[in-house]
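What follows is a short report on a single structure.
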Number of protein chains: 2
Amino acid sequence: MNNPDSQTLPRTGRIRIDNQARIIEAAEMEFAEAGYKGASMVSIAKRAGLPRANVHYYFNNKLELYNRLLLDILQLWNTAFSQITAEDDPAEAIGAYIRAKVMYSKTNPRASRIFASEIIQGAPHLSEYLETDFRDWLRGKSRVIDAWAAQGKIDPVDPLVLIFLIWSATQHYADFSVQVVSVLGDRSLDEVDFEMVATNLTHIILKGCGMKPPTDHSLPRLAMS
Amino acid sequence: MNNPDSQTLPRTGRIRIDNQARIIEAAEMEFAEAGYKGASMVSIAKRAGLPRANVHYYFNNKLELYNRLLLDILQLWNTAFSQITAEDDPAEAIGAYIRAKVMYSKTNPRASRIFASEIIQGAPHLSEYLETDFRDWLRGKSRVIDAWAAQGKIDPVDPLVLIFLIWSATQHYADFSVQVVSVLGDRSLDEVDFEMVATNLTHIILKGCGMKPPTDHSLPRLAMS
DNA sequence: GCTATCCTTGACATAAATGTCAACTTATTG
DNA sequence: CAATAAGTTGACATTTATGTCAAGGATAGC
């Protein structure tokens with residue numbers, strides 16, 4: 001085998017770093033657009049502007065490349081969202097979380113799509129993660145929400161439904177952006193749009209759970225062209 | 001060409017009807033699990049328990065089969081959701097809509113996943129639909145919601161955000177069911193779960209938009225095993 | 001029970017994708 | 001400035017997928 005170890009021992013040169021980055025970028029596009037099975041190494045190589053054999057030099061096979069991407073995505077996901085505890089003010093914590101999630105959709109739409117495809121297709125490469133870290137995180141946060149409800153700070157809504165509501169509503173603007181854009185008259189979403197989505201969602205969700213929303217009137221609107 | 005016309009002239013025999021149904025069922029599974037590019041006719045034929053050439057007898061190629069499926073899905077989508085008008089009571093109309101959408105996720109999870117994959121992957125086969133029927137429907141409903149807001153019946157939330165919120169939150173239980181199931185301890189979702197999701201979502205969304213939710217306390221919960 | 005149509009399927013021809021290799025070139029470093 | 005390591009790439013072997021066809025079997029309507 002030519003490749004000594006593409007994963008654990010990144011050697012000195014910046015050539016390696018550069019090329020791996022280009023390949024990962026290309027792979028992110030391809031996997032986001034085609035899913036795991038539908039993606040092809042040929043296409044990834046083309047996007048990266050490298051001969052296919054060169055891609056195989058850095059990543060032995062398609063699965064290895066895909067797993068690397070998934071790992072990056074999970075890592076990003078874990079670090080991007082702060083820890084919420086029962087002591088926090090729920091309105092503030094949930095509001096900040098919604099906002100962070102919306103901005104994540106704006107900044108990392110492809111990561112979001114790859115993750116979504118993986119889950120839709122039955123999460124064959126993420127089952128372990130789902131059974132462990134993911135489950136624990138979610139159960140932990142559920143307890144926090146329950147605690148808030150017990151203290152009368154929020155309505156006694158089901159915590160899982162609330163969390164899934166926040167996730168789905170925010171990820172929608174990454175995963176389904178084509179749909180959103182098409183109704184806006186093919187103008188793409190900008191910073192202001194995302195702000196406006198965050199504000200509206202925060203209003204509905206906070207108020208819907210019995211908290212005081214930050215803005216009570218004059219909600220901003222999406223402009224249709 | 002063997003096949004006279006697989007689309008427009010369904011001939012007499014029930015053989016045709018039976019086999020087409022089996023193939024469509026198989027294709028639905030395959031496309032839901034792999035997306036358009038990732039799906040293979042080999043795999044569809046296996047699922048249908050037919051030799052591949054036989055599948056090609058009924059559907060000339062993969063795209064034709066896929067388009068047929070998309071058409072079925074859009075048709076289902078159009079007929080399944082009633083027309084909401086400005087004269088309706090918003091709480092009732094939106095509540096009923098949320099409930100219908102949740103039940104759609106329960107009943108047609110694969111259709112939902114195929115549609116989701118198509119959109120995530122850039123909707124290459126649905127661009128026309130998105131630019132016409134879809135857009136019109138959505139703009140029409142937006143005006144209804146605006147009218148409700150103008151009459152002071154609901155908070156002046158952005159109508160698109162509200163609709164997307166309802167869609168994403170309800171479809172989540174079809175598209176991301178693996179994720180949901182994994183946190184419940186690998187017990188699959190049943191009728192009661194979907195009822196409970198509908199009730200919780202209705203509470204949050206109606207209240208969040210300034211309407212009176214049907215149940216104000218004692219919301220049901222998802223049981224984790 | 002004959003005949004026209006419909007259905008079935010193994011076999012073929014292409015095309016596309018995957019992963020490997022060996023020969024070669026470019027970098028790095030002592 | 002060697003000489004060792006790292007990187008590049010065309011070519012190969014294999015696998016998988018696609019769509020077509022022709023020959024034969026089953027069905028239906030008369």
Side-chain angles (χ1 to χ4, degrees), chain A residues 1-27 29-31 33-69 121 124-125, chain B residues 1-27 29-31 33-69 121 124-125:
Chain A
M1 177 165 303
N2 263 330
N3 185 354
D5 190 328
S6 62
Q7 224 47 307
T8 53
L9 289 178
R11 300 305 175 99
T12 44
R14 77 207 147 293
I15 296 180
R16 183 174 208 84
I17 293 169
D18 283 3
N19 278 348
Q20 279 192 339
R22 298 178 63 181
I23 293 168
I24 285 177
E25 164 100 3
M29 296 187 205
E30 174 73 3
F31 284 120
E33 277 182 27
Y36 176 68
K37 278 190 202 168
S40 89
M41 296 297 271
V42 184
S43 177
I44 290 171
K46 265 186 204 145
R47 287 181 199 258
L50 295 172
R52 201 168 52 84
N54 203 359
V55 174
H56 275 96
Y57 173 74
Y58 290 104
F59 298 93
N60 292 314
N61 53 51
K62 188 167 133 179
L63 184 57
E64 188 178 310
L65 180 50
Y66 185 66
N67 278 332
R68 164 62 184 275
L69 237 58
Q121 298 178 6
H125 307 94
Chain B
M1 179 167 302
N2 262 329
N3 185 353
D5 190 329
S6 61
Q7 228 41 311
T8 52
L9 289 178
R11 300 304 175 97
T12 44
R14 76 207 146 293
I15 298 181
R16 183 177 208 82
I17 293 168
D18 283 1
N19 278 348
Q20 280 192 339
R22 299 178 62 183
I23 293 168
I24 285 177
E25 163 100 4
M29 295 188 206
E30 174 73 3
F31 284 121
E33 279 182 27
Y36 176 68
K37 278 192 202 167
S40 89
M41 296 297 271
V42 184
S43 177
I44 291 172
K46 267 186 202 145
R47 287 180 199 260
L50 294 172
R52 202 168 52 83
N54 203 359
V55 174
H56 274 98
Y57 172 73
Y58 290 104
F59 299 92
N60 291 314
N61 52 50
K62 187 166 133 180
L63 185 57
E64 187 177 311
L65 179 50
Y66 185 66
N67 278 331
R68 163 63 182 275
L69 237 59
Q121 297 177 8
H125 308 93

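Throughout, a chain's letter reflects where its sequence line sits, starting with A, and its residues are numbered from 1.
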Applying side-chain contact (heavy atoms from CB on, under 4.5 Å), can you list everything that pairs with [X], at least two apart in sequence or on another chain?
{"X": "B/Leu63", "value": "B/Tyr36, B/Asn61, B/Asn67, B/His125"}
{"X": "B/Ala53", "value": "none"}
{"X": "B/Lys37", "value": "A/Ala34"}

Distances under 3.5 Å between protein N/O atoms and the N/O atoms of nucleotides 10-15 of chain C, please, pair by pair.
none

Rounded to the nearest angstrom, tell me the gap between atom [atom1] in [X] and atom [atom2] in [N].
{"X": "A/Glu64", "N": "C/dG19", "atom1": "CD", "atom2": "C1'", "answer": "12 Å"}
{"X": "A/Arg47", "N": "C/dA17", "atom1": "CZ", "atom2": "P", "answer": "13 Å"}
{"X": "A/Arg16", "N": "C/dT28", "atom1": "CZ", "atom2": "C1'", "answer": "15 Å"}
{"X": "A/His56", "N": "D/dA13", "atom1": "NE2", "atom2": "P", "answer": "18 Å"}
{"X": "A/Asn19", "N": "C/dA27", "atom1": "CG", "atom2": "P", "answer": "12 Å"}
{"X": "B/Ile23", "N": "C/dT8", "atom1": "CD1", "atom2": "P", "answer": "9 Å"}
{"X": "B/Leu65", "N": "D/dA17", "atom1": "CG", "atom2": "P", "answer": "16 Å"}
{"X": "A/Lys46", "N": "C/dT18", "atom1": "NZ", "atom2": "P", "answer": "11 Å"}

* Might you work through the side chain to side chain contact (heavy atoms under 4.5 Å, CB included) test for A/Arg16 and A/Tyr57, ending with a clear yes or no? => CA-CA 10 Å; A/Arg16 183 174 208 84; A/Tyr57 173 74; 4.3 Å; yes
* **Min side-chain heavy-atom separation B/Leu65-B/Tyr58 under 4.5 Å** =>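 The answer is no; the side chains never approach within 4.5 Å.
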* Asked: Does the side chain of A/Glu25 come within less than 4.5 Å of A/Met29's, by heavy atoms?
  ->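 Sidechains of A/Glu25 and A/Met29: in contact.
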OP1 or OP2 of [N] versus the side-chain N and O atoms of [X]: is any pair under 4.0 Å?
{"X": "A/Lys62", "N": "C/dA17", "result": "no"}
{"X": "B/Tyr57", "N": "C/dC7", "result": "yes"}
{"X": "B/Arg14", "N": "D/dA28", "result": "yes"}
{"X": "A/Asn60", "N": "C/dT18", "result": "no"}

* Asked: Measuring from A/His56:NE2 to A/Lys62:NZ, what's the distance to the nearest 0.5 Å?
  ->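 Answer rounded to 0.5 Å: 10.0 Å.
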* Measure the spacing between CD1 of B/Ile24 and CG of B/Asn19 and express it to the nearest 0.5 Å. => 11.0 Å
Do any side-chain atoms of residues 41-51 of chain B form donor-acceptor pairs under 3.5 angstrom with protein atoms, and if so which ones, sequence neighbours left out?
residue, atom, partner, partner atom, Å
B/Ser43, OG, B/Glu30, OE1, 2.7
B/Ser43, OG, B/Glu30, OE2, 3.4
B/Arg47, NE, B/Glu30, OE1, 3.1
B/Arg47, NH2, B/Glu30, OE1, 3.0
B/Arg47, NH2, B/Glu33, OE1, 3.1

* To do: Just call it for B/Asn61: base, sugar-phosphate, or nothing, with non-hydrogen atoms closer than 4.0 Å on any strand.
  =>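 Result for B/Asn61 = sugar-phosphate.
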* **Of A/Leu50 and B/Ile15, the one whose closest DNA chain D nucleotide lies more 5'** =>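 Nearest nucleotide further toward 5': that of A/Leu50.
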* Return the residues of residues 36-45 of chain A meeting this criterion: a heavy atom under 4.0 Å from some atom of DNA chain C. Order them by number, or give none. =>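 Hits under 4.0 Å, by residue number: A/Ala39, A/Ser40, A/Met41, A/Val42.
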